[in-house]
Amino acid sequence: MRAVVLPAFHAALELEERPVPAPSDGQVLVKVLACGVCHSDLHVVDGDWARPMPMILGHEGAGVVEATGPGVDRVRPGDLVTLCWAYPCGSCRICARGRTWLCESSSAGRHVLPDGTMRARRADGTGLRQYLAVGTMAEAAVVPAAACVPLPTGVPAEVAALIGCGVATGVGAVLHTAGVPAGAPVCVVGCGGVGLSAVMGAALTGAYPVVAVDLAEPALALAARVGATHVVSGADWPARVRELTGGVEYGFDCVGSARVVGGLFESLAPGGTVVLVGMTAQGATVPVDGYRFPDRGYRLLGSSYGSSVAAVDFPRIADLYLAGKLPLDALVTRRTGLDGVNDALDALRNRAGGRTVIVPP
Ligand SMILES: [Zn+2]
Ligand SMILES: [Zn+2]
């Protein structure tokens, strides 16, 4: 099998030929059918987030179960599965509270399998970590069984892949983290895969108006196609958004930027909520006005993985897609092979909008 390996920060990704590993206890061998190229991949490549190397990159993947190791009963060979990049341990305090997306005991954050091992190896025997324990920029991957979420048949693999990160993150930020009610004015800043998904989530809940903000015209055109009622660009966007809405009640930063958060506070109605969905570089801070924030009763929420319980919410999103209520096909703007990943990362750097999906042969 071939896999995309990041040898070190800022290095070009390398395509390596590796033997296909067999799944051990509690593990599943998945043939990867599609993998989205997400900003979280770019943050690692560009050194914004410290992560151990070398690593097989990719975390927004879907595929078909090829083989299961001993003790696996949640999936069977032939199942279409989306991979959850924050698989829950199922037994820690956080999981017991139902906040499985925040599990602290999962090995996903260490980029190894639940038993602490690395199943993929380089030719010289060096262990290869898999990003978030899945490492889906590959023709196949051995992953934790708990990371496999079966989806209903009829969902295209590329849509299934996007459900596993960008869609769950964006739709979930609106539905689960913020709980946006019908009729609430909403602003989404940043119309990449996550932001467009947040726009779809806002349209689904009946939020109004749904204002999308981005610097790039193609991204705004896509936002209008998937449910934005108004689109805004330009440096004066906070004032424009205020004019259009009379003050938004929920503002979503899908970029991960101090300037965006500052702009959202400027466009907010009293009692409004800013939701941080995009992530900044490690160590960066965002501005909170210590006078206005309490005086105007603002709220600031962090949204990880759209506060999604993967086993429940991934199939639900798939059902909404199949019912025509979430136009997820519109997110896929480019397709490439594993050898096109460096170009796909450049498209993200250049804010080309939408999503590139890697489709292994
Ligand atoms: Zn992602
Ligand atoms: Zn847990």
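Both ligands and their constituent atoms are indexed starting at 1 by order of listing.
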### Task
Step through the shown structure and confirm whether more than 12 heavy atoms of other residues, nucleotides or ligands are within 6.0 Å of CZ on R74.
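Correct, the count exceeds 12.
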
#### Entry: Exceeds 12 heavy-atom contacts within 6.0 angstrom, atom CZ of R76
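Check fails, neighbour count at 12 or below.
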
### Query
How wide is the angle at the Zn ion (ligand 1) between SG of C38 and SG of C165, to the nearest 10°?
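Taking the Zn ion (ligand 1) as the apex, the two atoms subtend 130°.
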
### Query
Is the closest basic N to carboxylate O distance between R122 and E14 below 4.0 Å?
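Yes, R122 and E14 are salt-bridged.
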
### Message
Consider side chain to side chain donor-acceptor pair (under 3.5 Å). Of K31, R18, R2, which one does E139 pass it with?
### Response
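With E139 as partner, K31, R18, R2 yield a single side chain to side chain donor-acceptor pair (under 3.5 Å), made by R2.
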
#### Entry: At the Zn ion (ligand 2): angle between C103 atom SG and C92 atom SG, to 10 degrees
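Rounded to 10°, it measures 110°.
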
### Task
Tell me whether H39 has at least one N, O or S atom under 2.8 Å from the Zn ion (ligand 1).
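No N, O or S atom of H39 is closer than 2.8 Å to the Zn ion (ligand 1), so no.
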
